[in-house]
Amino acid sequence: MPEMNLVQSINSALRHEMKANDDVIVLGEDVGKVGGVFRVTKGLFDEFGADRVIDTPLAEGGIIGTAIGMALYGLRPVPEIQFSDFIFPAFDQIVSEAAKFRYRSGGEYTCPMVIRTPVGGGIRGGHYHSQSPESLFIHTAGLKVVCPSNPYDAKGLLLSAIRDDDPIMFFEPKRVYRAVKMEVPEEEFTVPIGKAKVVKEGKDVTVIAWGAMLFEALASAQEVAENDGVDAEVIDLRTLWPVDIDTIVESVKKTGRVVIVHEAPKACGFGAELLSLISEKAFLHLEAPPKRVTGWDTPFPYTLEMEYLPLQHRITPALIETVRF
Amino acid sequence: MPEMNLVQSINSALRHEMKANDDVIVLGEDVGKVGGVFRVTKGLFDEFGADRVIDTPLAEGGIIGTAIGMALYGLRPVPEIQFSDFIFPAFDQIVSEAAKFRYRSGGEYTCPMVIRTPVGGGIRGGHYHSQSPESLFIHTAGLKVVCPSNPYDAKGLLLSAIRDDDPIMFFEPKRVYRAVKMEVPEEEFTVPIGKAKVVKEGKDVTVIAWGAMLFEALASAQEVAENDGVDAEVIDLRTLWPVDIDTIVESVKKTGRVVIVHEAPKACGFGAELLSLISEKAFLHLEAPPKRVTGWDTPFPYTLEMEYLPLQHRITPALIETVRF
Amino acid sequence: MQTQEQVVPIRTPETHLEGDDVFTVIRPDGTTDPNTDPRLPQHMVLDLYKAMVRTRIVDLQLERLQRQGRIGFHIGSLGEEACIIGSAAAMRPNDWIFPCYREFGALLWRGFPLQTYVDNMYGNDEDPVKGRQMPDHYTARAYRFGSVSSPIGTQITQAVGMGWAARHKGKDEVVSVYFGDGATSSNEFHTGLNFGGVMNAPVVFLCRNNRWAISVPTEMQTKAAKLSDKAIAYGIKGVRVDGNDVLATWKIVREAVERASRGEGPTLVEMLTYRIGGHSTSDDPRAYRVQNEVERWRGTDPIVRLRRHLETKNAWDDAREEEFKTETEAQLKTCIGLSEAKKKPELSSIFTEVFSKQPWHLKEQQAECENGPRAKPAH
Amino acid sequence: MQTQEQVVPIRTPETHLEGDDVFTVIRPDGTTDPNTDPRLPQHMVLDLYKAMVRTRIVDLQLERLQRQGRIGFHIGSLGEEACIIGSAAAMRPNDWIFPCYREFGALLWRGFPLQTYVDNMYGNDEDPVKGRQMPDHYTARAYRFGSVSSPIGTQITQAVGMGWAARHKGKDEVVSVYFGDGATSSNEFHTGLNFGGVMNAPVVFLCRNNRWAISVPTEMQTKAAKLSDKAIAYGIKGVRVDGNDVLATWKIVREAVERASRGEGPTLVEMLTYRIGGHSTSDDPRAYRVQNEVERWRGTDPIVRLRRHLETKNAWDDAREEEFKTETEAQLKTCIGLSEAKKKPELSSIFTEVFSKQPWHLKEQQAECENGPRAKPAH
Ligand SMILES: Cc1ncc(C[n+]2csc(CCOP(=O)(O)OP(=O)(O)O)c2C)c(N)n1
Ligand SMILES: Cc1ncc(C[n+]2csc(CCOP(=O)(O)OP(=O)(O)O)c2C)c(N)n1
Ligand SMILES: [Mg+2]
Ligand SMILES: [Mg+2]
């Protein structure tokens with residue numbers, strides 16, 4: 001099996017599905033000849049031509065608006081937003097239109113599409129190349145939200161997403177793009193949307209993470225195992241919404257303690273929803289207050305970004321505190 | 001003291017501040033001659049002229065973008081977005097620009113402005129004239145978020161907001177616009193931003209609400225007092241962010257039980273943040289899992305809107321359940 | 001910005017339709033300009049006329065229902081019937097129509113049952129969109145007709161994507177999309193026309209310039225001399241037509257459809273008309289415009305104009321008019337009666353079709369709602 | 001959409017600067033057209049030249065620093081020096097400049113200290129924006145200069161608001177705002193120009209048409225023949241100038257400033273130039289454009305062109321050039337050395353200036369951060 005990084009595995013999924021299904025269309029800024037600023041769509045333009053891999057004018061609202069039109073007609077567009085920080089000019093199309101089309105039309109029109117976009121910090125991007133806006137889309141009824149942490153899941157989830165009948169936000173952790181390599185099947189396979197993965201079993205505390213922070217959570221789990229004899233269970237959510245509540249509740253019922261990690265600011269971040277769901281569904285099993293380790297409630301800073309992110313150095317003490325509560 | 005409804009008291013605040021401060025500029029769609037579709041700016045055009053009360057072209061991004069420019073220069077714009085459902089074309093200007101200007105410019109440029117916009121359902125508005133997007137703005141670092149429930153607070157909060165040095169989202173519960181009348185001083189007075197109000201003291205359970213739902217919460221509190229001997233404490237948040245954490249924690253420490261009510265969908269709604277803050281700050285005082293009574297996680301329906309909203313009929317059983325837990 | 005006097009300009013039909021760039025067919029005396037007349041068969045002109053009259057009848061009746069509190073809202077098309085019906089009629093059967101919100105006339109022209117439209121006005125359990133949206137927010141895929149959305153402009157880029165998709169699939173299907181003069185200020189107008197040009201999409205952009213966006217007159221919406229000039233910014237064709245002249249509208253739009261169909265790209269059609277009524281039943285235009293202006297525009301009533309033309313051909317008279325009106329009104333009354341007797345949508349309709357399959361949290365919420373107490377029947 | 005051949009058109013300087021609507025002053029031989037020459041005093045032309053040369057020196061040095069990993073990023077202006085310096089110089093001292101992200105040359109022209117600019121590139125504790133933003137995201141209110149933001153176009157409507165505000169306060173202050181050809185597709189271009197027109201704001205819209213938006217050529221950005229034509233859509237004045245001709249740029253922009261100052265409204269100035277380098281240090285343009293095209297454009301180098309003009313006046317020579325370069329490079333080297341020696345911003349800088357007063361939750365978070373362990377010094 002070939003080794004792939006995240007960029008390559010996503011590219012492989014796109015290539016596979018474009019070959020298999022003529023209706024799959026890639027569109028976005030710079031996705032064509034140059035293959036995207038992160039090279040995720042590299043080679044697709046040469047293979048499938050300018051009619052399947054469309055370099056658009058610089059307008060995210062146009063990318064999503066036209067993609068919606070394509071989806072309404074019956075195509076399967078996979079628009080790319082160059083950075084998720086630049087998704088806001090398309091926000092109206094996503095939350096007012098794509099998310100509501102099936103519902104408001106009584107099921108007559110549907111919007112199957114996958115909005116791919118790099119997310120997260122740690123690449124020296126400052127305010128506008130680092131943000132993690134997932135909770136805004138989770139709050140919007142009608143959208144599914146996916147965020148793989150590794151090349152294997154990314155390919156499997158993207159194939160599931162393109163075949164799914166709903167609009168899906170597909171967040172790609174850009175800090176992982178080239179940082180992680182693993183074996184990924186050349187051929188097609190799927191990872192189901194809506195299923196989390198317990199990536200490390202444990203009995204003392206549950207850590208919930210996704211995307212680039214999964215690796216920080218794992219590093220902390222290892223650190224507390226070695227230094228403190230704490231046995232942490234680590235869950236990679238993979239699909240953020242609709243979240244895999246069963247896996248979470250089962251784990252928390254076992255450990256009684258939970259730490260949630262995400263890059264986005266804390267206030268109204270997805271951590272708040274996870275904490276609330278856990279409180280609602282497993283209150284009597286909680287032996288300590290669930291903890292959130294998140295980005296601070298500030299814009300994303302440039303020089304001090306490593307002090308902003310909820311990295312291992314901040315997760316580890318949170319685990320210890322939660323276990324010792 | 002004259003009686004005013006919410007429309008009149010907001011109008012009174014605007015008129016006062018425009019008289020007192022030449023730098024206050026009102027702008028938006030239809031705010032001029034006709035005085036806004038809800039007539040909140042009625043009469044201001046005649047009194048202050050077309051240069052202080054600006055009817056803009058139909059583009060929310062332009063309303064907020066030009067308001068930001070005015071604020072950067074030193075004016076105090078009070079832009080109106082006709083319905084908060086239509087704020088999304090301006091979302092980029094609000095979250096990428098207004099919210100971050102002070103921070104990203106090292107304090108050189110600031111964006112004092114008050115974005116007024118009607119919020120909430122219950123007026124037969126369907127999908128696009130009923131939504132409550134507050135949590136999207138709470139999640140965005142750099143914005144304050146205010147939502148008065150009554151004419152008195154509205155005037156006092158709006159005067160505070162216009163004098164505040166930060167960008168403020170000012171949500172006006174449109175279901176309350178003409179439904180509530182009360183004595184409001186003709187002259188100026190302020191209600192501080194960041195202070196909640198305990199509108200009914202109680203010892204058995206805390207109910208947190210704001211805007212139009214405050215009245216539903218109060219009705220339920222009365223209902224359970226009469227029928228079930230339950231003594232509920234009701235908090236009107238007034239400022240959603242930064243939230244008055246002290247008032248909340250103090251109340252929850254007393255009652256040990258809490259019900260949070262809001263119109264917005266549940267997932268990643270502000271209720272999740274409130275529940276999480278309470279869990280983090282008063283975990284050991286909780287005698288029952290905090291409950292959220294909210295809009296459902298669906299688009300806002302038209303015919304069945306009263307079944308969508310978290311009204312008295314849904315708050316009352318939540319109170320009982322929480323108290324009996 | 002504008003001074004108060006500028007806010008309420010007296011815009012007469014004459015000052016706004018003069019200039020030889022405004023395409024017209026029907027002359028004041030009812031005859032047609034032989035150089036421009038599309039020479040439609042008489043039965044079709046009669047169909048256009050009836051559709052326009054029916055639109056007006058429905059509008060007036062729905063306004064009455066709203067005043068009586070029997071429906072919640074209506075957004076009418078008084079005075080704009082010619083540009084709506086003329087443009088809809090110019091679309092070929094396989095073409096698509098993306099509506100704004102003021103084009104129920106186009107919907108009915110496409111054959112959508114009046115009963116179903118009235119059900120949508122009532123949001124009852126036979127409303128195809130299940131009472132989820134406000135009145136006049138219909139959807140009609142089977143009629144190759146879009147889905148009304150309130151946010152201004154969003155349908156414009158969508159129409160471009162759909163047109164592109166149809167061509168990509170090798171179909172000869174043109175997409176038309178309606179919007180108002182106010183919508184020319186929207187993000188999506190800009191993006192839609194720009195993408196339409198660059199993608200060379202088979203789209204016809206139909207701008208109903210009815211001179212008002214709620215209380216804001218076109219003069220305050222943009223400093224551009226003509227809305228059709230905005231096409232220049234996108235390298236596409238722009239044309240102006242007298243939108244109160246159904247034959248002129250038909251011809252110009254049909255030409256645009258044919259160009260699009262031939263692969264010659266999109267056209268922006270500015271249809272000059274006038275919003276005789278309020279913006280919607282929630283609006284009272286006396287607060288911002290002078291009655292004078294409205295009265296002068298009444299003089300250009302597109303229905304009166306077409307009728308005069310039909311009379312020059314002896315194709316219509318008072319008796320036929322009376323008969324058609326009576327019949328249509330009766331039909332409408334029957335529909336209203338039936339709609340009012342229907343039930344509200346099922347509770348479950350709140351929770352379905354958010355996603356293709358209902359996820360766990362909506363299952364839970366639906367159960368909570370169905371098993372919980374009912375709201376007071378208030379409204 | 002476009003076929004592959006269309007994606008990489010060979011656009012030569014000639015084909016793009018011909019047509020008498022492109023305003024030019026400096027002729028190929030270095031002399032000026034007496035009909036268009038603004039006749040600037042020679043010391044000022046020399047200042048323009050030096051500013052352009054300095055801009056280039058800084059660009060080249062910063063690119064080297066980035067390759068060496070000493071700074072994280074740079075977005076340069078190779079080939080665009082004339083349109084940036086010429087337009088900035090045309091603004092009067094009390095006028096305002098709203099930057100896009102490629103105009104540090106304009107910032108330095110305004111007198112912003114080179115040292116402070118380099119501090120911003122390093123995001124150190126003397127960077128006025130406290131290391132919070134990426135390199136080249138400077139702010140300089142004291143120099144009546146805006147604040148760089150990454151999202152494309154957002155500064156355009158802001159500039160309109162600021163210009164309107166200045167006039168509202170009775171000040172004769174014009175606001176200029178830079179953006180690229182790609183930005184003409186943005187929502188805010190549309191809204192900014194439309195509001196600018198309707199509000200009659202004293203604004204000059206400066207479009208650097210450098211032919212590329214990262215990998216997308218202007219031909220794929222819009223089907224409009226000329227970007228300056230987009231002004232028609234907003235009823236404002238649109239002009240095209242040879243942006244590689246600093247005197248032409250100065251003259252056209254100064255005229256636009258004067259019109260704005262006289263209350264005659266905004267102007268869209270299309271400055272025709274070419275992005276010789278990559279989009280930024282993160283970009284490798286060989287992946288999408290042919291070297292051929294770049295080489296031909298090098299032939300129109302605005303610095304070479306102005307130097308030729310200066311030589312016709314005997315105002316410059318190799319010795320002076322050498323001296324100026326050596327001096328500027330030394331100065332820059334000193335700044336870099338100093339910047340590199342400075343500390344990172346304080347931890348507290350993460351938590352301050354989010355609001356005018358720090359609220360409770362940020363106090364808590366700051367304490368948590370300061371009292372917690374430090375991140376590994378990674379990067
Ligand atoms: C994004 C957005 N902003 C504001 C509104 C409120 N609104 C509804 S219709 C309208 C005026 C539209 O005018 P125009 O485009 O000319 O269409 P007309 O109503 O005249 O047919 C406004 C401002 C809206 N629906 N969407
Ligand atoms: C809203 C938004 N979308 C995408 C980007 C990514 N991006 C940065 S620069 C750029 C191209 C801009 O081209 P142009 O406007 O011509 O300016 P130039 O870089 O050529 O000076 C793009 C797509 C962005 N910064 N903001
Ligand atoms: Mg209109
Ligand atoms: Mg460019």
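Scope of the values below: all heavy atoms of this structure, side chains included, with no hydrogens, waters or symmetry mates. The chains referred to below are lettered A, B, ... by the order of the sequence lines, with proteins before strands, and numbering in each begins at 1.
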Region of [X] in contact with chain D, defined by heavy-atom distances below 4.5 Å:
| X | answer |
| --- | --- |
| B:I64 | neither |
| B:I25 | side chain |
| B:D246 | neither |
| B:A59 | both |

Chain B interface, residue from [options] that has the most non-hydrogen pairs under 4.5 Å:
| options | value |
| --- | --- |
| D:G196, D:G192, D:G146, D:S150 | D:G146 |
| D:A140, D:S349, D:A165 | D:A165 |
| D:S149, D:P151, D:A201 | D:S149 |
| D:I156, D:N194, D:I350 | D:I350 |
| D:D127, D:V148, D:N187, D:V129 | D:V129 |
| D:H168, D:K357, D:H190, D:E173 | D:H168 |

Determine the minimum heavy-atom distance between [X] and [Y], stating which atoms define it.
| X | Y | value |
| --- | --- | --- |
| B:G62 | D:T191 | CA-CG2, 3.0 Å |
| D:S356 | B:K144 | OG-NZ, 4.3 Å |
| D:V198 | B:P57 | CG2-CG, 4.1 Å |

What part of [X] gets closer than 4.5 Å to chain B, counting heavy atoms only: side chain, backbone, both or neither?
| X | result |
| --- | --- |
| D:V175 | neither |
| D:A159 | neither |
| D:P128 | both |
| D:T139 | both |
| D:T352 | backbone |
| D:Y138 | neither |
| D:L193 | neither |

| task | Give a yes/no verdict on a cation-pi contact between B:R102 and D:F355, requiring under 6.0 Å between NZ or CZ and the six-membered ring centre and an angle within 45° of the axis. | result | no
At what distance, to the nearest 0.5 angstrom, does [atom1] of [X] lie from [atom2] of [Y]?
| X | Y | atom1 | atom2 | answer |
| --- | --- | --- | --- | --- |
| B:Y109 | D:M162 | OH | CE | 5.0 Å |
| D:W360 | B:D244 | CH2 | CG | 9.5 Å |
| B:C111 | D:Q158 | SG | CD | 7.0 Å |
| D:K169 | B:M70 | NZ | CE | 12.5 Å |

Do [X] and [Y] touch side chain to side chain, with heavy atoms closer than 4.5 Å?
| X | Y | answer |
| --- | --- | --- |
| B:W241 | D:H361 | yes |
| D:E364 | B:K281 | yes |
| B:Y103 | D:Q133 | no |

Greater than 12 external heavy atoms within 6.0 Å of [X]'s [atom1]:
| X | atom1 | answer |
| --- | --- | --- |
| D:E370 | CD | yes |
| B:K254 | NZ | yes |
| D:Q366 | CD | yes |

Quick check: does any side chain N or O of [X] sit under 3.5 Å from a backbone N or O of [Y], one acting as donor and the other as acceptor?
| X | Y | value |
| --- | --- | --- |
| D:R141 | B:L72 | yes |
| B:R104 | D:S147 | yes |
| B:Q93 | D:T154 | yes |

| Verdict with reasoning, D:W164 to B:L75, per side chain to side chain contact (heavy atoms under 4.5 Å, CB included) | CA-CA 11 Å; D:W164 185 91; B:L75 302 182; 4.0 Å; yes
| task | Against chain D, work out which of B:D165, B:D23, B:T110 has the most heavy-atom pairs shorter than 4.5 Å and name it. | result | B:D23
| task | With a 4.5 Å cut-off on heavy-atom pairs, point out which of B:V243, B:D164, B:L27 contacts chain D the most. | result | B:V243
| message | Looking at B:K100 and D:E353, is any side-chain nitrogen of the basic one under 4.0 Å from a carboxylate oxygen of the acidic one? | response | no
| Stepwise, does the side chain to side chain contact (heavy atoms under 4.5 Å, CB included) test hold for D:M199 with B:I54? | CA-CA 9 Å; D:M199 297 174 99; B:I54 305 175; 4.1 Å; yes
